[in-house]
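All residue numbers refer to positions in the sequence shown, counting from 1. All values below come from the heavy atoms of this structure, side chains included, with hydrogens, waters and symmetry mates left out.
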Amino acid sequence: MSLAYLYASFRTKHSRVGRLFETITVIGAFAAVAAMLMVEEPISILISLGVSIVCVLLILLFRAADKVRRRTPL
């Protein structure tokens, strides 16, 4: 089973929790980018970059799971 299918089935069973997780991820991505633009220390920039990359990967997972949810009756 793919991770997108597993998340799609979780999102179908627990819609509020899934929606909350997706919203927090998007807010975290915006906050990481904003922090990256505001700080001057290299380590803080690298941490913000890592967080933003993880958030973007999760958003791509959410997109793939949404395609699976549309295609497959879970």
Please report the shortest heavy-atom distance between [X] and [Y], naming the atom on each side.
| X | Y | value |
| --- | --- | --- |
| T25 | C55 | O-SG, 3.7 Å |
| A35 | S48 | CB-OG, 3.7 Å |
| Y7 | A65 | CD2-CB, 3.5 Å |

- [ ] Ignoring hydrogens and angles, tell me if any N or O in the side chain of S15 forms a donor-acceptor pair with the backbone of T12 under 3.5 Å.
- [x]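 Here the side-chain-to-backbone pair does not exist.
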
- [ ] Give a yes or no answer on whether the side chain of T72 reaches the backbone of R69 with a donor-acceptor pair at less than 3.5 Å.
- [x]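 Between the backbone of R69 and the side chain of T72 there is no qualifying donor-acceptor contact (under 3.5 Å).
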
Task: R71: partners by side chain to side chain donor-acceptor pair (under 3.5 Å), with sequence neighbours left out - done: none

Is it true that [X] and [Y] fall in one hydrophobic cluster, defined by side-chain heavy atoms closer than 4.5 Å?
| X | Y | result |
| --- | --- | --- |
| L46 | V33 | no |
| L61 | V17 | yes |
| L57 | M36 | yes |

Open item on the list: So, taking the atom named CD1 in I59 and the one named CZ in F62, what distance separates them when rounded to the nearest 0.5 Å?
Closed with: 7.0 Å

Open item on the list: Listing request: all salt bridge (charged side-chain N to carboxylate O under 4.0 Å, His left out) pairs with a residue in residues 42-55, at least two apart in sequence or in separate chains.
Closed with: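 Not a single pair qualifies under salt bridge (charged side-chain N to carboxylate O under 4.0 Å, His left out).
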
Task: salt bridge (charged side-chain N to carboxylate O under 4.0 Å, His left out) partners of residues 8-37, not counting sequence neighbours, each pair once - done: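 Every salt bridge (charged side-chain N to carboxylate O under 4.0 Å, His left out) pair that includes a residue of residues 8-37, provided the two are not neighbours, is R11-E22.
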
Open item on the list: Checking R70 against D66 for the side chain to side chain contact (heavy atoms under 4.5 Å, CB included) test, could you report, in this order, the C-alpha distance in whole Å, the side-chain angles of both residues, the deciding distance, and whether it holds?
Closed with: CA-CA 6 Å; R70 288 187 201 156; D66 191 44; 2.7 Å; yes

- [ ] Identify the residue among L58, V56, V51 that makes a side chain to side chain contact (heavy atoms under 4.5 Å, CB included) with V54.
- [x]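 The single option meeting the side chain to side chain contact (heavy atoms under 4.5 Å, CB included) with V54 is L58.
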
